[in-house]
Amino acid sequence: MERHAASDANPANVNLLRQPDAPIESLAELEQTVRHIVLETPVYDIHTHLYSADFEERLLWGIDQLLVYHYLTAEYFRQGELSYDEFWAMDDAGRADRVWKALFVDRMPVSEAASGVITAISRLGLSPSVYGRDLDAYRAAWAEKTAVAQVNDVLVTAKVKTVVMTNDPFDAVERAVWLKGGCTDARFQAALRIDKLLLDWTSAATELQSLGYTVAADDPSALSQEATLAEVRRFLRDWCGRIGALYIMASLPGDVQYPTPGEALTMLLDGAVVPVCRELGLPLALMVGVRRQVNPALRLAGDMSMQADLGLLERLCLRYPELQLLVTVLARENQHELAVLARKFSNLTIFGCWWFLHTESMIREMTSFRTELLGTSYIPQHSDCRVLEQLVNKWDHSRSVISGVLYNKYARLHQDRWLVSENDIRRDIEHYFGGVFQQVLSRAKKGRG
Ligand code: RAT
Ligand code: ZN
């Protein structure tokens, strides 16, 4: 029988008289304690598309940005009246008006993405029962905020201690910020994103040349020349150093094969990316299973999920046992296989419920069997936020599901007379919400060579 965590997170229900290392006596108290600790423990968010205020226009925040988030624009086109061209011809405020009417006023916002907006505005103190369905009222409340103050407010409300950005060295706007001082807010950490390098060598080579790296030519055969690979390694080393990257990352289609002799991706991984990860002691993060632009008219929302051949990961783990791989995959069909693969390779650490899997039912399913197969040796969630305030709702929804799953696991131990204390639970949750990631980082440092 499934045991559900109570919805009341009132910390007053936690028995304050009991010592933190004393066994918890009843299931009711166990449920409250797990929930309280999961809701209160600060989290290290290992993959987002957020930026510190240093990046100005790249930092997206506010009610209009929440409404034009690509997860919601995809839903708009299922219910709204405008054609793609009409919608995209509008500015963000016009699009937000349409999304608000179609998804929040004309019907109830029950999807994960839409209900998330309500959670964010509510938890940030703008009660929907006061502001109602008047979008301009929310806009007026947001107009009083500054980006810097909002970053503080959101991080405190969401209880997020560190946010890892996605930093693309081929993005000219971002590059300019890094070249004139970079990120000055230690709560934001960097990750070097190299999709373009791995998946589109022809245009990456041109960019590398314009950035002063002497890569031989744009033809993939140039990658069989050691001099070109050496320049790619210099580029990766320079940028990892400049931004203080915690890891190197890429998001890959599901049909990527590795190794494929003569192909750019294989030559780049073997000849540049893995050597630089090893040299600098950094993990490689791979997000596998996206099929880009299935419907280009949806723009950023036009990508699809795709089942992947996880042999790519198996062969990387086998070939490079000292390389720490952080992995998430997009197809639900690949999830169980990935968890089994992680049992075979301790250098593979699973993270998060990504994108279309970042929904209540998928998080519950995935967190359950990942815990059953891997115990506490994986990272249950990352937010993938693109808009600052989403940290509030994405973590709120995830924490609530995670606490329910963990309560079930602890309850079984408790019923079998395995004593469970508040300290035990706290240690596990801290491990999930940051400790596992830190362990991967330090293992990568140790594997340096
Ligand atoms: O979740 C998303 O917002 C996607 O659009 C992708 O950015 C994905 O998370 C990725 O990092 O490739
Ligand atoms: Zn992402």
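Read the numbers this way: they start at 1 and go in the same order the structure lists the ligands and their atoms. When reading the values below, keep in mind they use all heavy atoms of this one structure, side chains included, and skip hydrogens, waters and symmetry mates.
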Counting each atom of ligand 1 from 1 as listed, which ones have a heavy atom of [X] under 4.0 Å away?
{"X": "H49", "result": "7 (O), 8 (C), 9 (O), 10 (C), 11 (O)"}
{"X": "H47", "result": "9 (O), 11 (O)"}
{"X": "S251", "result": "12 (O)"}
{"X": "R292", "result": "12 (O)"}

What N/O/S atom of D384 gets nearest to the Zn ion (ligand 2)?
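Considering only N, O and S atoms, D384 comes nearest to the Zn ion (ligand 2) through OD1.
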Any ion pair linking R332 and E365 (charged N to carboxylate O, less than 4.0 Å)?
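Answer for the salt bridge query: yes.
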Please determine whether a side-chain nitrogen of the Lys or Arg among E207 and K196 lies less than 4.0 Å from a carboxylate oxygen of the Asp or Glu.
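So E207 pairs with K196 through a salt bridge.
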With distance as the sole criterion, is a donor-acceptor pair present between the side chains of D270 and Y258 under 3.5 Å?
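Distance-only check passes for D270 and Y258.
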State, without any angle test, whether H358 and D384 hold a side-chain donor-acceptor pair at a distance under 3.5 Å.
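No - no donor-acceptor pair under 3.5 Å links their side chains.
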In the protein, which heavy atom is nearest to [atom], and how far is it?
{"atom": "atom 3 (O) of ligand 1", "answer": "R386 NE, 2.7 Å"}
{"atom": "atom 8 (C) of ligand 1", "answer": "W354 NE1, 3.4 Å"}
{"atom": "atom 2 (C) of ligand 1", "answer": "H70 NE2, 3.5 Å"}
{"atom": "atom 1 (O) of ligand 1", "answer": "Y71 OH, 2.8 Å"}
{"atom": "atom 9 (O) of ligand 1", "answer": "D384 OD1, 2.7 Å"}

Mind checking whether [X] and [Y] have ring centres under 6.0 Å apart?
{"X": "Y378", "Y": "Y432", "result": "yes"}
{"X": "Y76", "Y": "W100", "result": "no"}
{"X": "F170", "Y": "F235", "result": "yes"}
{"X": "F77", "Y": "F87", "result": "yes"}

Heavy-atom contacts under 4.0 Å between H358 and ligand 1: side chain, backbone, both, or neither?
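The answer is neither; H358 stays 4.0 Å or more away.
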Quick one: look at R193 and ligand 1, take heavy-atom pairs under 4.0 Å, and tell me if it's side chain, backbone, both or neither.
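The answer is the side chain of R193.
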My understanding is that only residues two or more places apart in sequence, or in another chain, count here; which of them pass salt bridge (Lys or Arg N to Asp or Glu O under 4.0 Å) with R139?
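By the salt bridge (Lys or Arg N to Asp or Glu O under 4.0 Å) rule, R139 matches D64, D97, D136.
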Answer yes or no: does an N/O atom from Y69 fall short of 3.5 Å to an N/O atom of ligand 1?
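Min N/O separation from ligand 1 is not below 3.5 Å for Y69.
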